[in-house]
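The structure under discussion appears below in the form of structure tokens.
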Amino acid sequence: MTNICIIPARGGSKRIFRKNIKIFLGKPIIAYSIEVAIKSGLFDEIMVSTDDEEIAEIAIKYGAKIPFLRSNEKSNDFATTYEVIEEVLQNYKKRGQSFDQACCIYPCAPFISTKKLVEAARKLDKFETVLPIVQYGFPIQRALKKNEADSVSFIQPEFELSRSQDLNESFHDAGQFYWFNLKSLFKNKSVLSENTGCVVLSEIEVQDIDNEIDWKLAELKYKLLYGVS
């Protein structure tokens, strides 16, 4: 099996300026994704898909390839992960290169570990796609909605009297990476399919980074997890 790692990192970022190359505990945050991909030893090719020359320079510095820049069409707010991956693989095909499996690693995911990448890759023998998930901190069946005049009500009132420990666990996408079989990817035209598997992460290994507070929380978690001072 030939494997490619694709790290999508466009230049535009509206909530955190230059997010993909912002310094995270001493180095650009994208460096963490590149370095773990290299360390894993899983990939025949590790590339960054970007429209931005500065991101390209930093990616190359940390060991990734930039064989071509991303098109303007796939660099806007509406381009999906699938569309970006499809463009990358079409460009490789024009160069005479093809792959059997791919892993899309997001550029702002410093908690990715080689252990989880390897664990997920091994599950591709029975799943079309594998992704990391994390459990919700509280049962979503007892979620509330805010109504007019600041009143609240249960979204699922049938669980109003249920004990938390009696409800099924719920999980969400950890937003770090997706492994997929490329034949299945192009068949489904989506990074997810009806045959999707998972690896489970702990809460300390996951942090959405959408604003400056998220960023600081991520740095605190990273220090706690890896003993960084």
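Values below: all heavy atoms of this structure, side chains included; hydrogens, waters and symmetry mates excluded. Residues take their numbers from the sequence shown, with the count starting at 1.
- Atom CD of E158 has more than 12 heavy atoms from other residues, nucleotides or ligands within 6.0 Å.
- Shown here are the ring-ring contact (aromatic ring centres under 6.0 Å, His included) partners of F43, two or more places apart in sequence or in another chain: W179.
- No more than 12 heavy atoms of other residues, nucleotides or ligands shown are found within 6.0 angstrom of CD on E53.
- Nearest heavy atom pair, residue T196 against residue L131, reads CG2-CD2, 3.3 Å.
- Checked for salt-bridge contact, E160 and R142 miss the test: no charged N lies under 4.0 Å from a carboxylate O.
- Closest non-hydrogen pair, Q156 versus I140, comes out as OE1-O, 3.9 Å.
- The minimum heavy-atom distance between P110 and I29, with the atom names listed, is CD-CD1, 3.9 Å.
- Other residues, nucleotides and ligands place more than 12 heavy atoms under 6.0 Å from the CG atom of L144.
- With 3.5 Å as the limit, one finds a donor-acceptor pair spanning the side chains of Y178 and D173.
- With respect to the salt-bridge test (charged N to carboxylate O, under 4.0 angstrom), the residues R15 and D210 qualify.
- If you check the side chains of E45 and Y92, you find a donor sitting under 3.5 Å from an acceptor.
- A donor atom on one side chain and an acceptor atom on the other are not found under 3.5 Å apart for S13 and N20.
- Electrostatic pairing of E205 and K116 does not count as a salt bridge here, judged by no charged N lying under 4.0 Å from a carboxylate O.
- Atom CD of Q165 is surrounded by more than 12 heavy atoms from other residues, nucleotides or ligands within 6.0 Å.
- Of all the heavy atoms in S193 and E128, the pair that sits closest is OG-OE1, 2.7 Å.
- What you find for P28 and I23 is that their closest heavy atoms are N-CD1, 3.6 Å.
- Inspection of the T2 and D100 side chains reveals an N or O donor paired with an N or O acceptor under 3.5 Å.
- Aromatic ring centroids of Y32 and F111 lie 6.0 Å or more apart.
- In this model, a donor atom of one side chain and an acceptor atom of the other lie less than 3.5 Å apart for S71 and E87.
- The number of heavy-atom neighbours closer than 6.0 Å to CG of D77, taken from other residues, nucleotides and ligands shown, is above 12.
- The aromatic ring centres of F171 and Y136 sit 6.0 Å or more apart.
- No side-chain donor from either of T50 and R70 sits under 3.5 Å from a side-chain acceptor of the other.
- Across A56 and L69, no two heavy atoms sit closer than the pair CB-CD2, 4.4 Å.
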